[in-house]
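Since this is a predicted model, take the numbers as computed values, not measurements. Note that these values count all heavy atoms, side chains included, but never hydrogens, waters or copies made by symmetry.
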Amino acid sequence: MQLSDHFLSLQNPLILYHHHHHHHHRRFICNSTTAAVPLATSPKHTHTSAESIQQETLKSLEWPSLCDQLSPFAQTSMGLSVTKKAQIPFGRCLAESQTLLDQTSAALAIMQSQPLDLSKIEDISGIVDSAASGQLLSLSEICAVRRTLRAVSDVWEKLLEAPILDGDSSGRYAPLLEILKYCNFQMELERKIGFCIDCNLSVILDRASEDLEIIRSERKRNMENLESLLKEVSTRIFQVGGIDRPLITKRRSRLCVGIRASHKYLLPGGVVLNISSSGATYFTEPKEAVELNNMEVRLSNAEKAEEMAILSLLTTEIAKSEVEIRYLLDKVVEVDLAFAKAGYAQWMNGVCPILSSENHESSNSGGKECSLSINIEGIQHPLLLGSSLKSSSVFPSKSGNPIQLDMTNGVVTIGSLSKGVSDFPIPIDVKVEHGTRVVVISGPNTGGKTASMKTLGLASLMSKAGMYLPAKNRPRLPWFDLVLADIGDHQSLEQNLSTFSGHISQIIEILEVVSRESLVLIDEIGSGTDPSEGVALATSILQYLRGRVGLAIVTTHYADLSHLKDKDAQFENAAMEFSLETLQPTYRILWGNTGNSNALNIAKSIGFDRNIIERAKEWVERLRPEEEQQWKGDLYQSLTEERSKLESQARRAASLHAEIMDLYNEIQDEAKDLDKREAALRAKETQQVQKELKAAKFQIETVVQEFDNQLKIAATDQFNSLVKKSEYAIASIVEAHHPPDDFSVNETNSNSFTPQFGEQVHVKGLGGKLATVVEALGDDETVLVQYGKIRVRAKKSDISAIPRSKRITANSSPILKKQGQKSKESQSPSTTNNGEEESYVPRVQTSKNTVDLRGMRVEEAAHQLDMAVSSTESQSVVFVIHGMGTGVVKERALEILRNHPRVAKYEQESPMNYGCTVAYIK
């Protein structure tokens, strides 16, 4: 068998994984100073007990449950399996953990711009194992390998495009690119499979090999000959009545024809392959078709053999690439976990922690000294927070919604994704100064000591694994090589261990593996035995740990342990806050304080016998010096009240600040569009003015044209009348388009107007009513005005001048009024029969003062006209369009106008208004 030239041309030598790994990829371990040192292999812990106690610690801190919360964010089945099995890798040194955090930050940055889809990548590790063990892979398995290789290549291409599309030059995507940078994406293997197999149709292509192409060509030609022969024989049998219809079928893998038993003589020498159940039909292979069928069987077997050979060759190619494919899948899991952590951080509204070392400066500290080795503000227990988010229907999402990122000083923080962040669990602050090796936490039962200790342990593990923390600001904490915990009851009947023995066994294992970079968490140290011996043992353990641990956090009810701080500065105290008012714990840590168990108060609050409580208090007073106890209680209560007061003020200030910022942002948003809206308004006003100007010009031209036409046919004694009529029409048009006097008044500076005695003005305080000035402007910038019988003193700023036209009318003498009336009688048609002046609005037709009766029936037109006249304002004009037509509507309209009580007079149609009558409303 020979493969086609193209297939052979793709068989280039593959780069072996160990050679590629040796030259291009270096794995890091940490020396004693936590520096990254390139070595060929990774170190293993020298003590198996370290691994055992570490696994017990992870179980105590409920790390598997946290990984289970992370699992919905994994996109590949491999990533899902890693999270479900709690196999998320931890950084083996500060540099590795920082790299994991950088990868999470890079994934967040990509999720902001373009979410990356990894769901098309399949877990082909089992397929690769089968190929490596010598098993022949099926067509579907080989196609699965090709799909996965193609999908990984697409992911790599999108990662390369991300910085280009975003125009990013800061290199924030580099940590993700570094993961896949030295991977062999097996492009040649993917092309080989694609050349040989059509994975969409799941068939091997003819071009896969020359032999296969020849075999299939010969088989096709042989099949055509065989089908042609059988079709001819079957048709001949049908024509002579040997069968109801021509029938060609396959029996025993050979093509044959159907024939009645009574007509089998028509196929002499034929081979009967089968008989129908009734015995009436024989399935016979004609003598002429035997050789062609034999050829079909031989070619079919040859084709299958050739296809198996091609699958075998592709299986061999996959087996040769086993190491590199496995390495590629491992790196894909790293990318998937980075995006899963990013999605989890988005869901939890987390922030990136700043990792540091007790012996070295943090990589993110910028060289600045910090007085606290651990400074975490407002951290919430991640498991409790996750449960709270789920119960409030805030579920994990892979939608990749935009995230506000803050890259200040290289630290990525997520903006507020949902303003309704859960207040449960109650956030706590963790503050531990440099040089502190042991922290003793005391306080009441159910006060949150153990939960707070677990929160710190989980925060340390999460930061080591490259996960963000559900905290505020920039949480800072050291990198710990081991997190070791003794939490819970280790009683075991099988191992004959009591509660005390179980604790001691666990502490022994911790002391064997602890180092100067380890975090030790011990709950209720020294409990389960005689109090005096328990205190002595706990004191000895803590003094031993002091010089051999990075940090130890212990909880206790023994008050004597809090006195260790007085003798050694490496010890520190902390207390769980307890409200004496509500007799309930607040679940907050008071760093530097010692707390009481408040057992007597709690017992009293739940209804314990009062006499027993009083006797217990007497014993407490005997066991402790009275003055010291009283002083400590008063000081503690005073500090608690002061702290509550400051917190209340801080919350109030934060609330006011938020309101001010909301108002500021609202004003900013309004101001942004102010210039645009002003320009748009100016453009609109300009357009409106131009439109009105055009309309006025057209109306004036119409009047002039009408005047010219009437002038040609008018007698000499009618010239003055025509001129006055045209002048009045033009004056009406000009007045209709002239801006109101109030406009000019408002545009002027109100400060320049000084009211004079006897002058009429508008007073703002009187609702803009017209009043008379009875006392000139005084030194206090006020004016005395009279409105009817009321005299009011008003500010100058509340007084405005009346328009000029109204001022003239108000101040003119009766003689001038009469002269004006006579003038209007001669010029204006709006004069009543009694000779009294009726002031009408300008005769300019608009859509509001026009009634169009055209096309209506007489009754409908009469109703519309009556409604229009009744609803029109006084001293207005109405344009009644009745058209020419038969005149029925016109006659009815004129009748209504003659008899309507509101119509003063009307003008019938004229050369300027054909088919239109103008009515003047009283």
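Here His381 contributes atom NE2 and Thr455 contributes atom OG1; the two are 4.5 Å apart, rounded to the nearest 0.5 Å. Once rounded to the nearest 0.5 Å, the distance linking CG of Leu477 with CE of Met462 reads 11.0 Å. How far NZ of Lys472 is from CD1 of Ile376: 14.0 Å, rounded to the nearest 0.5 Å. The structure places CD1 of Ile553 at 7.0 Å from CG of Leu521, a figure rounded to the nearest 0.5 Å. Between atom CG of residue Asn375 and atom NE2 of residue His434 there is a gap of 10.0 Å, rounded to the nearest 0.5 Å. Taking CD1 from Ile110 and CG from Leu176, the interatomic distance works out to 5.0 Å, rounded to the nearest 0.5 Å.
Between Val152 and Ile121, some side-chain heavy-atom pair lies under the 4.5 Å cut-off. Side-chain contact check for Ile374 versus Lys431: every heavy-atom pair is 4.5 Å or farther apart. Side-chain atoms of Arg651 and Ser648, non-hydrogen and from C-beta on, do get closer than 4.5 Å to each other. Side chains of Tyr344 and Gln69 form a contact here, defined as non-hydrogen atoms less than 4.5 Å apart. Looking at heavy atoms from C-beta onward, Trp156 lies in side-chain contact with Leu177 at the 4.5 angstrom threshold. Between Pro478 and Leu551 there is no side-chain heavy-atom pair separated by less than 4.5 Å. The closest side-chain heavy-atom distance from Cys183 to Tyr327 is below 4.5 Å. Using a 4.5 Å cut-off on side-chain heavy atoms (C-beta onward), Val351 and Pro475 make contact.
A salt bridge does not link Glu96 with Lys464: none of the charged nitrogens is closer than 4.0 Å to a carboxylate oxygen.
Looking only at distances, no side-chain donor or acceptor of Ser655 sits under 3.5 Å from a matching main-chain atom of Arg652. With hydrogens and angles disregarded, no donor-acceptor distance shorter than 3.5 Å links the side chain of Glu322 to the backbone of Val128. Checked by atom type and distance alone, the side chain of Thr104 pairs as donor or acceptor with a backbone atom of Gly466 at under 3.5 Å. Remark: side-chain polar atoms of Gln98 are not paired, donor with acceptor, to backbone N or O of Gly91 under 3.5 angstrom. Side-chain N or O atoms of Glu62 include none that pairs as donor or acceptor with a backbone N or O of Lys454 at under 3.5 Å. Judged by distance alone, with hydrogens and angles left aside, the side-chain atoms of Lys341 form no donor-acceptor pair with the main-chain N or O of Ser105 at under 3.5 Å.
Nearest heavy atoms, Ile379 versus Ala459: CD1-CB, 3.7 Å. Here the closest heavy-atom approach between residue Arg437 and residue Gly550 is recorded as NH1-O, 3.0 Å. Here the closest heavy-atom approach between residue Ala74 and residue Leu80 is recorded as CB-N, 3.6 Å. Counting all heavy atoms, side chain and backbone alike, Leu484 lies closest to Val514 at CD1-CA, 4.2 Å. Scanning all heavy atoms of the two residues, the minimum distance from Pro89 to Leu100 falls at O-CD1, 4.0 Å. For the residue pair Ile124 and Ala144, the shortest heavy atom distance occurs at CG2-O, 3.9 Å.
When each of Arg150, Arg147, Arg146 is tested with Glu122 by the rule salt bridge (Lys or Arg N to Asp or Glu O under 4.0 Å), just one qualifies, namely Arg147.
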CA sep, side-chain torsions, deciding dist, call: Leu58, Gln54, side chain to side chain contact (heavy atoms under 4.5 Å, CB included): CA-CA 6 Å; Leu58 295 179; Gln54 183 70 19; 4.1 Å; yes

Test side chain to side chain contact (heavy atoms under 4.5 Å, CB included) applied to Lys59 and Glu56, step by step: CA-CA 5 Å; Lys59 185 178 179 181; Glu56 291 184 20; 5.6 Å; no

Side chain to side chain contact (heavy atoms under 4.5 Å, CB included) between Leu118 and Val332, intermediate numbers included: CA-CA 9 Å; Leu118 304 175; Val332 167; 5.8 Å; no

CA sep, side-chain torsions, deciding dist, call: Arg476, Leu372, side chain to side chain contact (heavy atoms under 4.5 Å, CB included): CA-CA 8 Å; Arg476 177 190 178 93; Leu372 299 175; 5.9 Å; no

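Looking at Gln103 and Glu334, their side chains never bring a donor and an acceptor atom within 3.5 Å of each other. Side-chain contact annotation: Thr76 with Asp336, donor-acceptor N/O pair under 3.5 Å present. In this structure, a donor-acceptor pair under 3.5 Å is present between the side chains of Gln186 and Ser321. The closest side-chain donor-acceptor pair between Thr57 and Ser60, if any, does not fall under 3.5 angstrom.
Taking the six-membered ring for Trp and thresholds of 30 and 60 degrees, Trp63 and Phe90 have ring planes inclined between 30 and 60 degrees apart.
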